[in-house]
Amino acid sequence: ALIAATDALFAEKRPWEAQWTQVQQYALPDGPDFNRQDIAGQTNRDLIVSGAGETMLEEAADGLIGLACQPGTRWMGLSVPGLDETMHDERVWLEQVNDVMLAVYDAPRSRFIQAMKGFALEWLGFGTACLFVNGRPGDMPIYEHRPLAEIAISEGEGGFVDETVWEFEWTAKKAVARWGSALPEAIRKAADDPAQRQNKFKFRHYVYERREHDGTKYDAVSRRFRECWLAVDGKALLQEGGFFTNPYIVARCGKRGSHA
């Protein structure tokens, strides 16, 4: 059922991919192929006769990052309703929290700026872009750009994205290191064979909002957003968890009618 649900999301997105491919061919030729026919070492620059489109998009993305989240500057600040000049302790605490957050954004380990560059390029080029915030216990958040060619989304009744699926390929070696015995037998056998361990298999990361959840509990299965790691090759649920808030940040600068 989970594989079928994610198949439906990709099917709903497919009619738009021809338009995004046209934009990509002239402005973002090095991005993942919307037709899912990426070949290692292959370029998509057959139609590029001038670098003007790429250059303008790069400059616009750099300008957006410089204006919105310039590294090394205090580009954001925290406040709460009703805060006034007499609330000294509260203001100091907010400043300290703000400093911690800015330090995370500036830290190379968080990959925030690298992720934002890819995010800005696709938001300006395609009108839709996606970030994934990977929160690991005891560690700082890791920001990862999810290319539009690899994701599909759906909206809830309020008009906000409440379902996101990311399709990707990992080698058998990498997959076994992550999921071990939970993998289908064919992938485990490939990982054990030195000649096949670098073979790639398709996986999906599916996050969606539960219709019902218990906000008083803190375990993963009770959280508002359910997380599922799926093996497309073999149709298996490998791992599941949950998030209190949606870890996928999807920005859209414009929509056509009721389409997500």
Strictly distance-based, threshold 3.5 Å: is any side-chain N or O of [X] a donor or acceptor partner for the main-chain N or O of [Y]?
X: Ser154; Y: Glu163; result: no
X: Arg188; Y: Leu183; result: yes
X: Asn98; Y: Met76; result: yes

Is there a path of hydrophobic side-chain contacts, each under 4.5 Å between heavy atoms of I/L/V/M/F/W/Y residues, joining [Y] to [X]?
X: Met56; Y: Ile65; answer: no
X: Val97; Y: Leu94; answer: yes
X: Trp123; Y: Phe132; answer: yes
X: Leu64; Y: Val250; answer: yes
X: Val80; Y: Trp93; answer: yes

Flag the pair [X] / [Y] as yes when at least one side-chain heavy-atom distance between them is below 4.5 Å, and no otherwise.
X: Trp20; Y: Glu122; value: no
X: Leu2; Y: Glu240; value: no
X: Leu237; Y: Cys228; value: yes
X: Val23; Y: Leu28; value: no
X: Arg74; Y: Glu95; value: yes
X: Leu230; Y: Val165; value: no
X: Leu57; Y: Leu121; value: yes

Nearest heavy-atom neighbours spanning [X] and [Y]:
X: Phe203; Y: Ala231; answer: CD2-CA, 3.8 Å
X: Trp166; Y: Glu150; answer: NE1-OE1, 2.8 Å
X: Phe119; Y: Ala129; answer: O-CB, 3.2 Å
X: Asp219; Y: Ser222; answer: OD1-OG, 2.8 Å
X: Val133; Y: Pro141; answer: CG1-CB, 4.0 Å
X: Gly234; Y: Pro184; answer: CA-CG, 4.0 Å

Practice problem: Tell me, with the steps shown, if Phe160 and Asn246 meet side chain to side chain contact (heavy atoms under 4.5 Å, CB included). | Solution: CA-CA 11 Å; Phe160 296 101; Asn246 195 342; over 6 Å; no
Quiz prompt | Salt bridge flag under 4.0 Å for residues Lys189 and Glu185 | solution = yes
Quiz item: Got more than 12 heavy atoms from elsewhere within 6.0 Å of CZ, Phe244?
Solution: yes
Practice problem: Count the heavy atoms of every other residue, nucleotide or ligand shown that sit under 6.0 Å from NZ of Lys117, and state whether that count exceeds 12. | Solution: yes
Quiz item: Would Arg111 and Tyr143 satisfy side chain to side chain donor-acceptor pair (under 3.5 Å), going step by step from the backbone distance to the final call?
Solution: CA-CA 6 Å; Arg111 305 178 204 159; Tyr143 293 83; over 6 Å; no
Self-check item: Arg223 to Phe243 six-membered ring, cation-pi geometry met (6.0 Å, 45°)
Solution: no
Drop me the distance from [X]'s [atom1] to [Y]'s [atom2], to the nearest 0.5 angstrom.
X: Arg109; Y: Met140; atom1: CZ; atom2: CE; result: 7.0 Å
X: Asp106; Y: Cys69; atom1: CG; atom2: SG; result: 9.5 Å
X: Thr245; Y: Glu209; atom1: OG1; atom2: CD; result: 11.0 Å
X: Ile151; Y: Thr164; atom1: CD1; atom2: OG1; result: 6.5 Å
X: Leu148; Y: Ile153; atom1: CG; atom2: CD1; result: 8.0 Å
X: Phe34; Y: Gln24; atom1: CZ; atom2: CD; result: 5.5 Å

Give me the ring orientation class for [X] and [Y]: parallel if the planes are under 30° apart, tilted from 30 to 60°, perpendicular past 60°.
X: Trp170; Y: Phe168; result: perpendicular
X: Trp229; Y: Trp179; result: tilted
X: Tyr105; Y: Trp75; result: tilted

Quiz item: Only one of Glu227, Glu167, Glu169 forms a salt bridge (charged side-chain N to carboxylate O under 4.0 Å, His left out) with Arg204, so which one is it?
Solution: Glu167
Quiz item: So Thr128 and Trp16, side chain to side chain contact (heavy atoms under 4.5 Å, CB included) or not? Walk me through it.
Solution: CA-CA 12 Å; Thr128 301; Trp16 301 94; over 6 Å; no
Quiz item: Val161 and Arg252: side chain to side chain contact (heavy atoms under 4.5 Å, CB included), yes or no, with the steps?
Solution: CA-CA 10 Å; Val161 173; Arg252 298 164 292 171; 3.8 Å; yes
